[in-house]
Amino acid sequence: MLKIKIKEMIAKKEYDEDRLIKVAEICEATGIGRTTLSAMINNKKKNVGIDNFDKLCAYFSCELSDLVEYIKD
């Protein structure tokens, strides 16, 4: 199972920048739709596309491994 760690990345960015980050801000900055981003944040089963991970890595200035974790069932 893959765990998408966007919540953790948002918390880290909020701490680092000492400000609140809203989902709408991420959507606007990345071009990812709110429904898709919400599904990713809540680890819902959905085909989210690799390009969305690319956009999130750019937004958070991180590696893919910072956003996704493999957990054995």
Side-chain angles (χ1 to χ4, degrees):
M1 176 175 97
L2 295 178
K3 178 184 177 196
I4 303 172
K5 303 186 296 184
I6 298 174
K7 287 180 186 178
E8 292 90 334
M9 296 304 297
I10 292 171
K12 181 182 182 314
K13 189 172 179 78
E14 286 178 333
Y15 179 81
D16 290 346
E17 297 181 7
D18 193 29
R19 67 185 186 92
L20 182 65
I21 296 174
K22 297 188 178 208
V23 172
E25 175 187 333
I26 301 169
C27 291
E28 185 175 323
T30 62
I32 299 171
R34 188 176 186 92
T35 303
T36 300
L37 187 58
S38 292
M40 294 174 81
I41 289 170
N42 294 307
N43 282 297
K44 300 290 183 191
K45 303 292 185 213
K46 185 174 182 178
N47 183 1
V48 294
I50 196 72
D51 58 321
N52 290 325
F53 286 108
D54 184 50
K55 293 172 186 177
L56 288 169
C57 285
Y59 177 78
F60 290 113
S61 299
C62 69
E63 299 293 324
L64 183 59
S65 60
D66 297 322
L67 281 173
V68 181
E69 177 183 359
Y70 174 70
I71 301 171
K72 288 185 180 183
D73 289 334

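Taking the side chain as every heavy atom from C-beta outward, Arg34 and Leu37 never approach each other to under 4.5 Å. The shortest distance between side-chain heavy atoms of Phe53 and Met40 falls below 4.5 Å.
Residue Tyr15 is not grouped with residue Ile41 when hydrophobic side chains (ILVMFWY) are merged at heavy-atom distances under 4.5 angstrom, including chains of intermediate members.
Heavy-atom minimum distance, Leu67 versus Met9: CD2-CG, 3.7 Å. Of all heavy-atom pairs spanning Lys5 and Asp66, the tightest one is CE-O, 3.2 Å.
Residue Ile71 holds its CD1 atom at 4.5 Å from CE of Met1, rounded to the nearest 0.5 Å. Asn52 CG to Cys57 SG: the interatomic distance, rounded to the nearest 0.5 Å, is 11.0 Å.
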Inset, instruction - Kindly indicate, with the supporting measurements, whether the criterion side chain to side chain contact (heavy atoms under 4.5 Å, CB included) is fulfilled by Asn43 and Lys3. - result: CA-CA 7 Å; Asn43 282 297; Lys3 178 184 177 196; 4.0 Å; yes
Output side-chain donor-acceptor pairs under 3.5 Å for residues 17-31, partner residues at least two apart or in another chain, one line each.
from, atom 1, to, atom 2, distance (Å)
Glu17, OE1, Arg19, NE, 2.7
Glu17, OE1, Arg19, NH2, 3.0
Glu17, OE2, Lys13, NZ, 2.9
Arg19, NH1, Glu25, OE1, 3.0
Arg19, NH1, Glu25, OE2, 3.3
Arg19, NH2, Glu25, OE2, 2.8
Glu25, OE2, Tyr59, OH, 3.0
Thr30, OG1, Ile26, O, 2.7
Thr30, OG1, Ile32, N, 3.2

